[in-house]
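Below: one structure, written as structure tokens.
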Amino acid sequence: MSENEKASNFIDEIIIDDLKTGKYQGRVHTRFPPEPNGYLHIGHAKSICMNFGFAANYEGGICNLRFDDTNPIKEEDEFVESIIKDVEWLGFDLTDRIFFASGYFQQLYNYAEQLIQSGDAYVDDQSAEDIRSTRGTLTKAGADSPFRNRTVEENLTLFRQMREGLFKDGEKVLRAKIDMSSANLNMRDPVMYRILHESHHRTGNDWCIYPMYDWAHGLEDSIEGITHSVCTLEFEDHRPLYDWFLIKLDVYRPQQIEFARLNVNYTITSKRKLARLVQEGHVSGWDDPRMPTISALRRRGYTPKSIREFSDKTGVAKRDGVADIALLNHSLREELNKVSERRMAVLDPLKLVITNYPENQDELLPGQNNPEDESAGKREIPFSRVLWVERSDYVENPPRKFFRLTVGQEVRLKHAYYVTCNDVIKDSEGNVKELHCTYDPATKGGWSDDGRKVRGTMQWVSEKHAIDAEVRLYDHLFTKENPEDVEEDGDFLDNINPDSLLVMKGCKIESSLKDADIESQFQFLRHGYFCVDRDSSKGKLIFNRTVALRDSWARKQKNK
RNA sequence: UGGGGAAUCGUUCAACGGUAGGACAGCGGACUCUGACUCCGUCAAUCUAGGUUCAAAUCCUAGUUCCCCAGCCA
């Protein structure tokens, strides 16, 4: 995009304007700044797509992945690894673009001394409780700390001693000297450094004081030459502080821009709550395919492109809102329809015997791999006398306009023949055991030129050639659009969907799927898009249903 | 009762004083060797009340509703 093009959202507008005025000498440099204390989820994906997207949209634009690792108590290398993997998987190049806040600890420390020198920061001996109680309230001003007016020398000495480890955790903090009566609570002498005798995942035991977010973040941006520092709405109150530090230090000043974080219906993105789902065993792990984490979406079969599309389509604004998960599914189907090879699978098998088909005869029938893509070619599908079809495709007393299997109705077996059901074999309890049909040899390939109207087409697999598979069907993890919508005294777990996972065993699938790789994706005709789960092993295939096909027939029946 | 934000179809984003538009969802239909895909049609919104103006979603005034902030978390 050039600066003459139309902005697609308010942040683009700001960027284009800055490009015009030369505010940053024509640079666009963004960053995605996760704390490595957990797994990334769909909300982070949006932020990643936005930030890397802004950079990619402009000539020479750059986006850093910067780990905001200023709290050693919560952070781990494991998360650094998974975050890098997720960002790259989403399609963004991180070559030379991985940074750590911890890499700037010394610079941050020097800046802090500079602020002490200028009389803008002081060491406070008050306890955390004291600081809290003297902060005031939303409507009442806070009170100055008794240590607020120490001399520069005393502050410097104390701060250096803090850094040297002479004090215990919590004994002292460094605070910015701003205004205890500010209406903005963030400006009431915010803590810049706390003492934490903790080993850091990257700096080990080099430090026992660690910078707070507000102190560190703007400087991290400044050091990296960030131009547009995009964050979520709750940081609007922090912007004056972000600016205050940079102005006091007289350093390069990026601008913080806030937007409304992405919320998605039927899901939660609170790290704490996701952790509860895992810890309390409501899901199998952080990458359980029902989770909204990027690793779970990947395992479930969502594609990077569909997530990027979703991110684009949900837009950028300052209004709090909830995006419809259906929009993600739309993007997904749109892509998968174009690229997925089709296969036939019978999830709930019912035996169908073609009584007039020769015993012991097999034949191979060609089937198109992907009607949306000629280059995907064809495959040979084995056909024989005994087949599996979907149990739900047979109905004894069909509703109006039912085109599937019922006695006397001719249907098409995809790629194969027309068959007509003549007899239904039931067990003593009246359960349907088998369908006995006859086929028309003249309809080989699934077509006849005589103008016969066959409206129903269904998938099948040859009994003797089929292989077994387990198929996992997923539904929303929560029953309510807003999982937080609970009765008094309830919590979000009350809204867990007991049917969010349905495991189908003994499914019958085409033998061509035998050597399918982990994560490979297919459309199972008339069912949906599926991928091979990593729980699969040799001889035991397990498929995840990524998303079902739209089913207007089922919807219509349901509405009746 | 302090400060900071936000209010447009069911949802979401646009319209930057000049015809309220797109996407998703919904509904109806056509097509179809997937009741898929595709195509066509259709439903549907400016928080309220005043004001300025030839003209207001947009500007002004007064309200209303919702979100965020009192971590030595980010």
Side-chain angles (χ1 to χ4, degrees), chain A residues 8-9 13 33-35 37 68-71 73-75 124 126-128 131-133 135-142 169-175 182-188 190-196 209-210 212-214 216-217 231-240 258 260 265 271 310 312-331 333-334 337-338 342 344 367-368 371-372 401-404 412-416 418 443 445-447 454-459 481 523-528 548-557 559:
Chain A
S8 51
N9 59 62
E13 233 164 75
E35 182 187 14
N37 70 343
D68 217 346
D69 54 351
T70 57
N71 185 349
I73 297 170
K74 297 160 73 175
E75 296 148 8
D124 194 344
Q126 290 185 111
S127 67
I131 289 178
R132 191 185 318 126
S133 62
R135 185 155 24 228
T137 67
L138 294 178
T139 51
K140 260 181 35 208
D169 287 8
E171 233 179 287
K172 289 184 167 39
V173 290
L174 184 71
R175 288 230 257 175
S182 172
N184 181 346
L185 266 31
N186 296 120
M187 302 298 272
R188 321 246 259 227
V191 172
M192 294 164 61
Y193 275 98
R194 75 283 216 190
I195 299 170
L196 252 25
I209 57 171
Y210 290 92
M212 296 286 291
Y213 168 86
D214 285 307
H217 204 88
C231 64
T232 45
L233 254 26
E234 69 268 28
F235 290 101
E236 280 178 318
D237 289 347
H238 296 243
R239 188 171 1 107
E258 310 85 12
N265 60 9
K271 250 177 218 175
F310 177 58
D312 281 351
K313 285 176 175 167
T314 47
V316 178
K318 297 196 73 157
R319 170 160 46 147
D320 276 313
V322 184
D324 193 342
I325 188 72
L327 187 53
L328 207 211
N329 289 333
H330 167 78
S331 301
R333 289 194 190 100
E334 193 171 53
N337 174 51
K338 292 278 189 296
R342 317 282 126 127
M344 295 199 284
Q368 217 177 356
E372 302 284 328
K401 291 200 168 179
F402 179 84
F403 305 133
R404 278 106 97 149
R412 170 166 37 238
L413 296 178
K414 180 86 176 172
H415 305 308
Y418 294 174
T443 58
W447 184 248
V454 178
R455 301 287 300 271
T457 300
M458 60 229 41
Q459 83 279 19
E481 275 205 44
Q523 183 197 98
F524 286 173
L525 246 35
R526 302 206 302 140
H527 279 302
L549 251 24
R550 289 169 56 111
D551 189 347
S552 59
W553 169 252
R555 195 184 311 129
K556 211 175 271 187
Q557 296 305 301
N559 288 344

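In this text the structure is predicted, and so the values were computed from the model without any measurement.
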With a 4.0 Å cut-off on heavy atoms, is A/N329 in touch with a base, just the backbone sugar-phosphate, or nothing at all? nothing
Would you indicate whether A/K556, at its atom NZ, is surrounded by more than 12 heavy atoms from other residues, nucleotides or ligands within a distance under 6.0 Å? no
Whole-Å gap separating P (B/rA36) and CG (A/D551): 7 Å
Here the pair of heavy atoms bringing A/R188 nearest to A/K140 is NH2-O, 2.8 Å
Touch class at under 4.0 angstrom, heavy-atom based, for A/K401 against every strand present: base
Mind checking if A/R550 touches a base, just sugar-phosphate, or nothing, with heavy atoms under 4.0 Å? sugar-phosphate
Please walk me through it: do A/Q459 and A/H527 pass side chain to side chain contact (heavy atoms under 4.5 Å, CB included)? CA-CA 10 Å; A/Q459 83 279 19; A/H527 279 302; 3.2 Å; yes
So what does A/Y210 touch, heavy atoms closer than 4.0 Å: a base, only the sugar-phosphate, or nothing? nothing
Under 4.0 Å, heavy atoms only, any strand: does A/V454 hit a base, just the sugar-phosphate, or nothing? nothing
Donor/acceptor link under 3.5 angstrom from A/D237 side chain onto base of B/rG3: yes
Most 5' of A/H330 and A/G315 on RNA chain B, judged by nearest nucleotide: A/G315
Symbol by symbol from the 5' end, with Watson-Crick or G-U pairs under 3.5 Å, [ ] crossing and | another strand, RNA chain B is .((((((..((((....[..)))).(((((.......)))))....(((((..]....))))))))))).....
A/E13 has its side chain closest, among B/rG5, B/rU34, B/rA15, to B/rA15
Within the sub-3.5 Å range, which N or O atoms of nucleotides 70-74 of chain B have a protein N or O partner, and how far apart are they?
unit_1: B/rA70; atom_1: O2'; unit_2: A/R135; atom_2: NE; d: 3.3
unit_1: B/rG71; atom_1: OP2; unit_2: A/R135; atom_2: NH2; d: 3.2
unit_1: B/rC72; atom_1: OP1; unit_2: A/R135; atom_2: NH2; d: 3.2
unit_1: B/rC72; atom_1: OP2; unit_2: A/R135; atom_2: NH1; d: 3.1
unit_1: B/rC72; atom_1: N4; unit_2: A/Q126; atom_2: O; d: 2.9
unit_1: B/rC72; atom_1: N4; unit_2: A/A128; atom_2: N; d: 3.0
unit_1: B/rC72; atom_1: N4; unit_2: A/G170; atom_2: O; d: 3.2
unit_1: B/rC73; atom_1: OP2; unit_2: A/R194; atom_2: NE; d: 3.1
unit_1: B/rC73; atom_1: OP2; unit_2: A/R194; atom_2: NH2; d: 2.9
unit_1: B/rC73; atom_1: O3'; unit_2: A/R194; atom_2: NH2; d: 3.2
unit_1: B/rC73; atom_1: O2'; unit_2: A/N71; atom_2: ND2; d: 3.3
unit_1: B/rC73; atom_1: O2'; unit_2: A/K74; atom_2: NZ; d: 2.8
unit_1: B/rA74; atom_1: OP1; unit_2: A/T70; atom_2: OG1; d: 2.8
unit_1: B/rA74; atom_1: OP1; unit_2: A/R194; atom_2: NH1; d: 3.3
unit_1: B/rA74; atom_1: OP1; unit_2: A/R194; atom_2: NH2; d: 2.9
unit_1: B/rA74; atom_1: OP2; unit_2: A/Y213; atom_2: N; d: 3.0
unit_1: B/rA74; atom_1: O3'; unit_2: A/D68; atom_2: OD2; d: 3.1

How many angstroms lie between atom CZ of A/R526 and atom CZ of A/R342, to the nearest 0.5 angstrom? 14.5 Å
With the side chain of A/R555 defined as its heavy atoms from C-beta on, choose the nearest nucleotide among B/rA14, B/rC27, B/rU34. B/rC27
A/E258 atom CD is separated from B/rA6 atom P, nearest whole Å, by 10 Å
Given B/rA14, B/rA23, B/rC67, which nucleotide is nearest the side-chain atoms of A/A317? B/rA14
Looking at every strand, decide which applies to A/K414 at a 4.0 Å heavy-atom threshold: base, sugar-phosphate, or nothing. base
